[in-house]
2 protein chains.
Amino acid sequence: MPKRRKYDEAPPCAIVATLNLINGRWKGVVLYYLLTKGTMRFNELQRHLPGCTPRLLVKQLRELEEDAFITRTVYAVVPPKVEYALTDEGRTIGPILLQLNEWGAGWLERRGLRQKTARAA
Amino acid sequence: MPKRRKYDEAPPCAIVATLNLINGRWKGVVLYYLLTKGTMRFNELQRHLPGCTPRLLVKQLRELEEDAFITRTVYAVVPPKVEYALTDEGRTIGPILLQLNEWGAGWLERRGLRQKTARAA
DNA sequence: CTGAATCCTTGACGATACTG
DNA sequence: CAGTATCGTCAAGGATTCAG
């Protein structure tokens with residue numbers, strides 16, 4: 001049994017399935033960054049996610065990799081260098097991520113919780 | 001302290017904020033049903049969510065209500081009758097829900113996990 | 001019919017420290 | 001730099017029963 005995430009019991013419901021895929025404290029944003037800023041290294045990614053511990057970041061990245069959304073490329077150099085990039089599959093949710101961002105920005109504004117720019121974090 | 005959901009510490013990050021709003025085992029589908037099938041009663045809703053206990057359904061509905069996505073209308077009759085409907089605010093995520101559904105359907109298919117129709121559950 | 005009450009499990013996530 | 005290891009917390013969700 002190769003590790004189950006809580007909702008791998010996902011019924012054949014498209015919406016539930018999709019949401020489960022991007023469930024996780026930072027998955028959505030990670031994908032968004034890789035989408036809008038391109039390939040990134042581990043630390044680079046982490047710097048963009050204030051409050052995200054390496055432990056958690058690793059876990060979410062591994063899950064995204066499992067789900068074929070991103071690739072993980074290790075370079076045999078010192079100091080170590082690992083790059084994360086979107087796959088073609090990962091790129092297919094791009095439009096949704098952009099919409100989530102846009103809608104969320106509007107929502108935050110309606111709530112009076114201004115954010116200065118349209119940045120994702 | 002009026003009850004906190006785990007991620008109410010949501011940073012002013014639009015994507016994270018949005019995902020947190022529809023996080024929850026059934027929230028997405030509930031919204032989808034209310035969007036595509038219109039106003040629904042409690043039991044009606046539950047019948048569409050196999051495996052969802054009333055306890056959980058109530059909770060998620062209350063949260064959606066708190067977030068102004070849906071309204072809860074109680075009719076003073078016996079037996080009780082309560083109707084849930086999307087608000088205008090709730091309707092604004094409609095496009096995203098539809099896209100989530102569509103993308104998810106494609107994903108499930110690519111995964112070989114056929115679903116017969118385009119139904120959401 | 002629409003929940004509320006109670007009790008319980010679990011896994012998502014956090015803090016801190018350490019390493020090749 | 002890119003993680004592991006270890007320990008701990010806590011809220012999400014499950015099961016069951018009861019009630020207006």
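Bear in mind the structure is a predicted one, so any value in this text is a computation, not a measurement.
Considering only heavy atoms from C-beta on, Gln60(B) stays 4.5 Å or farther from Val30(B) through its side chain. Residues Thr73(A) and Tyr84(A) are not in side-chain contact: their nearest non-hydrogen atoms beyond the backbone lie 4.5 Å or more apart. With a 4.5 Å cut-off on side-chain heavy atoms, Cys52(B) and Arg25(B) do not count as touching.
OP1 or OP2 of dT2(C) sits under 4.0 Å from a side-chain N or O of Arg41(B). Here Arg62(B) reaches the OP1 or OP2 of dA4(C): one of its side-chain N or O atoms lies under 4.0 Å away.
Residues satisfying the side-chain contact (heavy atoms from CB on, under 4.5 Å) criterion with Pro95(A), sequence neighbours excluded, are Gln99(B).
Contact annotation for Gln60(A): backbone-only contact, meaning every heavy-atom pair under 4.0 Å involves sugar-phosphate atoms and none involves a base.
When the nucleotides dG13(D), dA4(C), dT2(C) are ranked by their closest atom to the side chain of Phe42(B), dT2(C) comes out on top. You'll find that the side chain of Lys59(A) is closest to dA12(C), out of dG14(D), dA12(C), dG3(C).
In the region residues 69-84 of chain A, proximity to DNA chain C at under 4.0 angstrom, judged on heavy atoms, holds for Pro80(A).
Not one N or O on the side chain of Glu109(B) forms a donor-acceptor pair closer than 3.5 Å with the backbone of Gly106(B).
As rounded to whole Å, 12 Å separates atom P of dC7(C) from atom CZ of Arg55(B). At whole-Å resolution of the value, CD in Glu63(B) and C1' in dA11(D) are 11 Å apart. Protein atom CG of Leu56(A) is 15 Å distant from nucleotide atom C1' of dG8(D), rounded to whole Å.
Comment: Glu89(B) engages Arg110(A) in a salt bridge, judged by a side-chain N to carboxylate O separation of less than 4.0 angstrom.
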message: Show, in sequence, the C-alpha distance, side-chain angles and deciding distance for Arg72(A) and Val82(A), and conclude whether the side-chain contact (heavy atoms from CB on, under 4.5 Å) test is met.
response: CA-CA 7 Å; Arg72(A) 175 170 175 272; Val82(A) 179; 3.8 Å; yes
task: May I have the step-by-step check of side-chain contact (heavy atoms from CB on, under 4.5 Å) for Val29(A) and Leu19(B), ending in yes or no?
output: CA-CA 10 Å; Val29(A) 221; Leu19(B) 287 177; over 6 Å; no
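Between the two ends of the helix from dC1(C)-dG20(D) to dG20(C)-dC1(D), each summarised by a five-pair axis, the helix axis turns through 60° (rounded to 10 degrees).
Across all their heavy atoms, Leu21(A) and Trp107(B) have their closest contact at CD1-CE2, 3.6 Å.
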